[in-house]
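Read the structure below first, then the notes.
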Amino acid sequence: MMFQDDGSSSVTSSPFQNSPMISLSPGLGSPYPLLKELKSEDRGLYLIHLLLTCATHVATGSLENANLSLDQISHLASPDGDTMQRIASYFAEALADRILKAWPGLYKALHSTKLSLFSEDILVRKIFFEVFPFLKVAFIVTNQAIIEAMEGEKMVHIIDLNAAYPMQWHALLQDLSARPEGPPHLRITGVHPQKEVLDQMAHVLTEEAEKLDIPFQFNPVVSKLDNLDIEQLRVKTGEALAISSILQLHSLLCPVDEPHKRSPLTTMKSNGVNLLRASQIKQSTLGDLLQKDMVNGQSPGADSASSSPQSSAPAVQIDGFLNALWGLSPKVMVVAEQDSNHNGSSLMERLSESLYFYAALFDCLESTLPRSSMERLKLEKFLFGEEVKNIIACEGSSRKERHEKLEKWIQRLDFAGFGSVPLSYYGMLQARRLVQGYSCDGYRIKEENGCVVICWQDRALYSVSAWRCRR
Amino acid sequence: MSNITGEEGSFSSGNTGEEVQQLHHGKQQQQQFHGSLPSDSSPSLPAAKKKRNLPGTPDPTAEVVALSPTTLMATNRFVCEICNKGFQRDQNLQLHRRGHNLPWKLRQRTSTEVRKRVYICPEPSCVHHNPARALGDLTGIKKHYSRKHGEKKWKCDKCSKKYAVQSDWKAHQKTCGTREYKCDCGTIFSRRDSFITHRAFCDALAEENSKVNQGLMNSMGSNLQAQMPHELLSSMPNSTSMAMTEFNNNYDNKSPMKSLPSDLVAFKPMNMAGGMFSTSSGTLFGGQRNNAPSSSSGLQLSSNSPASFNGQGQVSGTAHMSATALLQKAAQMGATASNSINSPMMQKSFVSSMAGPMMQSPGNNSYENFQTQPDQTTMVGITPGGAYGNAQMLQKGPQEVAQMFGSGPANSPTMSDMGMFSDMLMGNDQQNHAGFIKNTGNQDNDGTMGWNTTGPSRFGGLGGPAGVAPPGGGSGGNDMLTVDFLGIGGGSRPPNVHEQQQRMQMANPFQQLSHAESDMEKPIWDV
């Protein structure tokens with residue numbers, strides 16, 4: 001639904017004041033046509049208000065009210081509209097998803113027939129790489145850090161924790177072949193849950209290495225990160241190890257799976273009285289569970305670098321994983337992550353943070369691609385929409401998109417025994433050049449504690465940092 | 001300048017005696033060709049252009065010659081085998097040899113199977129000391145040795161730059177001061193590439209960009225593009241890097257993108273570990289293309305020029321705010337007590353929607369209301385409609401609405417609800433987060449975080465969006481609004497604690513009473 005944005009200010013006067021009290025049945029139907037006359041700015045503001053309202057309802061379990069908020073949103077939001085309308089439609093979907101989990105049967109029935117198309121995934125990833133500078137900057141910075149760390153090394157082993165982007169290593173191969181001391185013997189171990197992706201990567205890289213006459217080996221490891229067996233990586237002594245983690249570590253911040261997971265809103269939705277009695281009787285247990293399920297999606301241990309074990313704190317996988325990586329003694333490890341806190345324990349916290357973050361991303365898209373662009377729609381729906389859904393609607397071990405701010409990552413990595421490697425001047429330079437060459441003029445590169453942060457206007461979006469094994 | 005011929009079998013080609021100078025990697029190039037003699041004495045090369053190995057990777061069948069530093073620096077390297085007299089030039093040596101009246105057999109120069117010689121640098125710490133990295137040209141190794149390990153005896157008088165090799169010095173003198181580039185910030189560059197690089201992150205430039213960027217992203221984008229192509233395109237070097245050939249459709253089809261990597265390729269950083277890094281961004285683009293040539297056509301990205309995007313963005317003029325700006329505005333709207341000029345209507349509707357459910361209990365303690373109506377369906381009917389319906393509410397001023405809840409001391413302003421939202425929206429700020437999370441410090445709950453745990457206890461009872469904020473009287477002080485909202489408050493009303501608590505507990509079906517919560521001590525409404 002397209003809204004006409006004329007500059008008239010007639011909306012400010014009458015429509016709302018004169019209409020009588022209205023229920024929402026479409027029969028009476030009067031307020032909604034009036035809504036269409038809202039200017040885009042007002043509509044946007046109202047959508048924000050509605051989203052927050054709805055989230056509050058969801059957080060408190062007032063599902064009826066949440067439903068009504070969603071209904072209102074549905075009249076204003078649209079995945080084809082302006083930026084705020086699009087954002088609102090995905091956030092509303094996420095909130096609805098969350099509410100639906102209160103009826104597990106319903107939820108499962110609706111989700112069971114969803115197909116996830118493998119080819120769509122690949123395409124969306126490719127679009128993300130091309131449209132945005134984030135991955136390109138991450139690759140440039142990562143490759144640069146690797147090259148610098150591997151100066152003089154003859155045997156180089158790179159572990160790619162998300163081997164889905166062959167262009168990164170393609171570029172590295174070319175850079176390595178132009179090294180003054182000649183290219184090293186290069187081995188790349190790629191980790192990815194899908195075998196086909198790894199096959200494709202192997203093919204592309206082996207071909208390129210042959211062309212460049214670089215001794216090269218690609219080892220695929222078909223595995224998810226959370227059950228990755230470090231032994232499978234086959235790190236040998238005597239080789240210089242580099243690890244590249246692009247937007248992967250945050251998924252390990254989720255707690256280890258608990259068997260008796262309760263859906264967040266099951267107990268909240270219906271008869272409050274029962275709930276009340278139950279809670280009075282068993283305050284410690286039920287309350288705990290409710291709080292944990294509904295609110296505490298994040299383990300307290302992940303909050304600070306030093307995990308303070310609490311009675312109900314679930315373990316997080318990241319610590320063990322980082323320890324294992326540290327045990328491999330990498331010469332350099334480059335970590336790229338979203339630089340925003342979407343791992344708050346309360347829904348409202350996550351909602352407001354992610355609103356800002358994804359608003360910036362949607363703004364990028366608005367400035368980059370036209371509204372009718374199918375690529376844009378795919379990115380919004382299949383990439384960002386899914387991330388938002390995960391952040392808002394999921395809890396516990398199913399919530400993977402646990403982004404955190406850079407300083408938290410710095411703390412965490414420091415605590416795990418890694419020392420910061422400031423990114424090189426030349427790497428920053430290349431990153432800046434890239435971003436300035438972009439047709440869309442809102443991207444900024446800034447440097448923070450030796451790390452590169454890519455921003456849209458002033459909003460930090462993604463960060464890249466390099467680490468070494470500190471003994 | 002004479003041509004370079006690739007296949008002469010001997011050194012006597014009739015031109016000046018000096019050999020072709022080979023280009024060294026990573027160093028400042030002195031791109032002059034002094035002579036034309038081929039350095040390769042092997043006859044096996046075809047007429048086609050001599051295949052150049054990567055610098056420093058010599059022909060494996062070549063004979064490695066290690067000369068001592070003195071020999072290397074010696075000026076007379078052509079030595080007569082008969083009398084051991086040394087000459088600087090080969091032709092001079094030949095002339096001299098004629099004088100010895102050699103028999104015909106010995107008159108020929110040494111046989112043509114002289115293997116190609118490669119030379120290593122005598123300096124052990126040098127990369128070229130390794131036979132695998134030997135250089136193929138004697139003059140080259142001599143110059144390398146002087147440049148790297150020798151003393152710089154030649155100095156430019158204009159810019160005081162020093163050189164170890166006289167030819168380098170001469171070449172520099174010719175170009176010193178001839179071409180200069182000046183950045184807006186005042187720095188002067190002699191090299192075009194370093195100038196362009198500097199401009200890329202020069203502060204002055206960045207400021208200017210950001211200023212113009214604020215309002216009109218669109219036109220700025222096109223401006224930049226207008227500026228950049230000129231710079232970048234004209235800086236196309238004679239590089240043969242593969243990145244060049246791979247660039248093509250990048251995401252943005254405009255020339256700046258295309259030439260960007262080429263410029264990086266041209267950029268041979270002086271002190272960097274090597275000029276090869278510059279290819280990385282180019283290859284990224286190019287590499288990507290290689291991977292999926294089929295799908296790139298489907299992306300239609302090249303058809304979209306910024307003008308068209310921006311055109312859309314500009315349709316509604318300045319009324320079309322970005323989502324980020326909208327969020328900031330929403331946050332500000334809540335923070336300021338005064339109504340924003342832009343949309344008084346919105347504010348009213350916000351207020352009324354907040355206040356909607358409140359209207360159910362005019363003037364009374366809302367508790368009663370909730371006690372009798374544990375379910376909220378009746379409320380619900382009003383709540384969403386509150387934005388539109390209830391002209392009554394709308395016409396009442398915000399203050400009146402607040403007063404409906406009883407005159408609490410310090411009626412918090414009606415925008416308290418927006419204030420809450422603004423706190424939430426501004427919560428991305430560190431300080432504000434502290435406001436959110438502050439409650440953890442104060443609560444007696446066992447480690448629960450986030451205001452949800454306390455919030456519901458009040459909100460559940462209220463049900464509607466009004467539940468979000470404690471309108472009227474809830475806050476002991478307006479500046480404590482956030483805190484109050486989070487359930488901390490002054491905690492200064494002990495007498496009311498228990499009865500309030502009980503009422504709340506009964507009234508509120510949704511609250512979580514896992515503990516004797518200190519937040520419950522805080523009454524919402526002060527009657």
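Source: prediction; values computed, not measured. We name chains A, B, ... by the order of the sequence lines, and we start the count at 1 in each one.
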**Closest heavy-atom pair and its distance - B:Leu326, A:Glu41** = CD2-O, 3.5 Å
**Item:** Toward chain B, the part of A:Glu181 with a non-hydrogen atom under 4.5 Å
**Value:** both
**Min side-chain heavy-atom separation A:Leu45-B:Lys329 under 4.5 Å** = yes
**From OG1 (B:Thr324) to CZ (A:Phe362), nearest 0.5 Å** = 11.5 Å
**Request:** Over all heavy atoms of both residues, which pair between B:Leu327 and A:Ala359 is shortest? Give the atoms and the distance, please.
**Result:** CD1-CB, 3.5 Å
**Message:** Would the distance check show the side chain of A:Asp363 and the main-chain N or O of B:Ser322 forming a donor-acceptor pair, the cut-off being under 3.5 Å?
**Reply:** no
